[in-house]
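Just the heavy atoms: all of them, side chains too, but no hydrogens, waters or symmetry mates, feed the values below. Throughout, a chain's letter reflects where its sequence line sits, starting with A, and its residues are numbered from 1.
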Amino acid sequence: MAKDATESKNTSLTGLAIAFGVALSGVLLLLLNQGMNGAPGWSYNLFLLLAGVLLWGYSYVYRGQQLLHSRVAHGERVNTEAEKALVLALDRLRAGDLVNCAERSRELPGRLSGTFSHATSALDVLAQQIQASSVEVASAANAVNEIASELASGSSEQAASVVEITAAMEELARTASQIAENAATQAELAQRAEESGNIGKAAVEEAVQGIEEARKRIQGIASRAEILGTRSKEIYRVLDLITDIAQETHILSLNAAIEAAAAKDHGRRFSVVAEEVRRLAQRSQESVDSVRNLLDEFASSIRATVVATEEGSKEATRVLERARFAADAIESLRDASGDSARVAREISLATQQQNAASDEVVLTLKEVSHVVQRMADGLKQFSDTADRLNQLGLIIQMLAQSFHLASPHSLKHLAESWASDVRRRLGNWEAIERLLEDLVNQQPYVECLYFYDGKAGQVALTVNRQIIGDREIPLAVRAGEGFNERPWYKAAVQEKYPILTAKFVSLLSEQPIFTAAAPIYEKGELVGVLGLDVNLDSWSKI
Amino acid sequence: MTTAEPLVGTGRRRGGLSAGSHLLVQAGEYVCALPLRSVRRVLRALTVHPLPGATDELKGLAEFGGEPLPVLELSRLIGAPPGAKPAHPVTIVVWVGPQDARELVGLAADAALEVSEVQLTSVVAGEGGFVLGEALVDGAVVRVVNLEALGGDR
Amino acid sequence: MSPALHPVAQRGYLLVRRDGVLWGVENGAVEGLSRHGAQFRLAVGGAELGVDEVVGVVAELAVWPLTGALRRFWPDTAGGLAVHAEAPLVIVDPQRPPRALRIAGSEGEMSDGEGRH
C-alpha cells in the first residue's frame, strides 16, 4: 500500500509536472509567436505536439491514479481480511485452541501466516512438552509416593520390630534374671547333692563291705552244707548196706524157718531162733527206714539249705553288683552335682553379664525407635510433598489441557475428533450409541461418554465399567435431565469449540472428574454436544 | 513126730511150725502163701536168661546150685495186677508138681514177707488155675498158691 | 529139677549164643560151621541154624533133662539143660533143632508132641 501510494503520488506529480510544463510551453510558444509574426507556425505544431504529449501524460497519470485506487482498495480488503483472520486466530489462540488457530493463521497474508504458524507450532510443542512433563511429574510424584509408602511401611515394620525386639529383650532380661536365680538355687542344691552323694557313697561302701561279709559267710555255709551233703551220701550208702544186710538176714531167717520146717520137730528151736533173727532183721530194717527218713529230711534240709545258700550267694552277688553300681552312680552323681554347681555358678555369672548387655541393647533399641519414628515422620512429609507434586502435576496437566493441541493427548482434540465421528452418524441413533460404546473403552481415563441433542432432549450415554464398576446409572442421567444447564453443555455451546470444565464430583463414581466437551454443528446449526468425563485418578494415563 | 497142736485163730504160732505154715510173699498187688514144705529156698532175685518163644509166665532160665532152674513170674501165674517196682525182689525156689514127680522151679516175687500160719480149713476155693484159694491172715487176704498144679502135664 | 534124675555127662559140646541165650551143640552133631556176615551158620541135623556168637568148646557138660514145668511154658525142642560158668544153657537136640535157632524162612515141620502147654 505505501508503495502503491508512493507510486501513485509520483505518478500524479509527474502528470502535474508534465501538464504544467506543456501549459507553460504552450504559453511561451504562443507568446513567442505573437511576438515574432503574429502567426502560429511551428510553434503551434510544437504546442500541439506538446499537448499530445500532455494528454498522453495525463492518461498515464489517470491510469496510475486508477491503478492506485484499485491497489489501495485491494490493499484495504486484504488488510481487512487479514485483520479478521488475525482476530479469529488470536481469538483461538486466546482460547488455547492452537489447532484452529493454526488453521486460521493460514488465512493470514504472506509472511504473517508463516510467522504466526511458526509461533503457534512452537506454542503447540511447548504445550505438549508441558503436558508430557506434567505427566512425568505426576509419574515421578507417584513413584516417590510409592517409595515413600514403602519406606513408611518398612519403617513402620521396623518400628514394630523394634518394639517387639525391645519387649523380647526386656523379657529376655527378666528371664535371665530368673535363670540367674534358678542357677543360684541349682548351685546350692548341687552342693547339697554333692554332700549327700558323699554320705551315700560312704553308706554304699559300708553296705558293700557288709554284703561281702555276708556272701563269704553264705559261701562258708554252702561249703559246710556241701560237706554235710557228702556225709549224708556216705550215710545213705551205709544205710543201703545195712538194708542189704537186713534183707539178707531176713532171707536167711526165712531159709532158716524153711530148714526148720524140713527138720520138723528137730528144727523147732531152730525155727524160734530163725523167727528171732527175722524180727531182728525186721527191726534193723525198720531202724534203717527210720534213719533213712530222718536222713531224707536231713538231706532235704541240707539241699534246701544248699539251694538257699546258692540263691543267697547269687542274690548277694547281685546285690553286691547293684551296690557297686549304686556306688558308681552316686559317684557319678556327686561329680555331676559338682559340675552342675560349677555350671550353675557360671550360668549365674553369664546371666548377670547378659542382663547388662540386654539393658544396653534395650537402650540402643529405644534410640533406634526414636530414629525410626523421625524417619517415619520425614517420610510422611515426603509423601505429603509427593502428593503436592502430584497435585501440581495435575494442575499443570489441566493448564496444558486448556490448550487444544493436535495431539492424541489433548482432550479437546480428542473430543473434537470423536464429535466428528458422531457427526458422520447423525440421524442413526443406534450407530451413535455403538460408536460411543467403542470409543469409551479406547481411553482408560474416560469414565463416561455421552452425546446430548439439546433440541430433541435425547442423550446417548455409555460408561467405562472398569472405572464405574457395577454402579447403577441414575435414571435422571440416562434421561439427560438438566443437561442443558450443565456447565459443560453451556460452555461448549457458548465457545462453539471444544472446552474443558473445572473439576467436580461425579454422580456416577463419586470421584473427582472434569469434562471435555465438543459442540457438533451440521450445516452451521448446532445439533448436539459430545461430552467425555475424565476420572482424575486416571489423569496420568492421558 | 510131734502132735500138731490145734490152731487157734489165724495168728502165727510161736515156737513151732505146722502143716499150715506158709511163706507169705508179695506178688504184684497180691500177697501169696506158699506151703512151707514146698519151699526149698528163698534167694535174692536170680539173674534170669529169657528163652525165645517162651510164654509170659516163664521169665527164663537161671542157675541155682550149679543146676539150671526155670524161673516163673508168680504175679503172672496168679493173675495179680502189677504193683510198684519192688525194692528187694526175690526168687523162691519151690518144689512143684505131684509128690512123686517133683521138680524144682523158681518163682520170681516182689518180696518175701514172713512165715505165717494159714488155716487150711479156712481156705476158700479159688477160681482154679494156680490159686488154691484165699484166706485171711492177720486180717489181710492172701492167695494160696497151688504148687502141685505147676508141675509138668501128666 | 527132678532129684530123681541124675545128670548125664556127655562128650564135648560147641557153645554158641543167640539172642542172649547160650546153646550147646554136641560136637558130633555139628555138620558144618560157616560165617555169614555178622552171624554164623551152623549145620545141624540137616538144618541150618543161625547164631550170633560162637562162645567156645567144652569138653563135657552135665546135662539135665527138660522139666515138665519148663515144657509147659516153653514149647520149643531141646536136648536138655546145662550150666557152664554159672550160666544156664540149652542143649540142642540134633534130631530136632530148636525153632529159636532156625534161620527165618528155613523152618521145617516140627514135631510138637511135647512141651506144648
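Put simply, the side chain of Glu103(B) gets close to the backbone of Gly68(C): a donor and an acceptor are under 3.5 Å apart. Distance alone, capped at 3.5 Å, places no donor-acceptor pair between the Trp74(C) side chain and the Gly60(B) backbone.
Here the side chains of Pro70(B) and Phe73(C) are not in contact, with every heavy-atom distance at 4.5 Å or above.
Contacts between residues 29-37 of chain C and chain B, counted as heavy-atom pairs separated by less than 4.5 Å, involve no residue at all. Of all residues spanning residues 38-51 of chain B, those with a heavy atom less than 4.5 Å away from chain C's heavy atoms are His49(B), Pro50(B), Leu51(B), arranged by number. Heavy-atom proximity under 4.5 angstrom to chain B picks out Pro88(C), Val90(C) from residues 88-95 of chain C.
Smallest separation of non-hydrogen atoms from Glu63(B) and Glu86(C): CB-O, 3.5 Å. The nearest pair of heavy atoms linking Ala69(C) to Val105(B) is CB-CG2, 3.6 Å.
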Side-chain donor-acceptor pairs of residues 76-83 of chain B under 3.5 Å, sequence neighbours excluded:
none

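Between the CG atom in Leu61(B) and the CG atom in Leu22(C) there is a gap of 10.5 Å [rounded to 0.5 Å].
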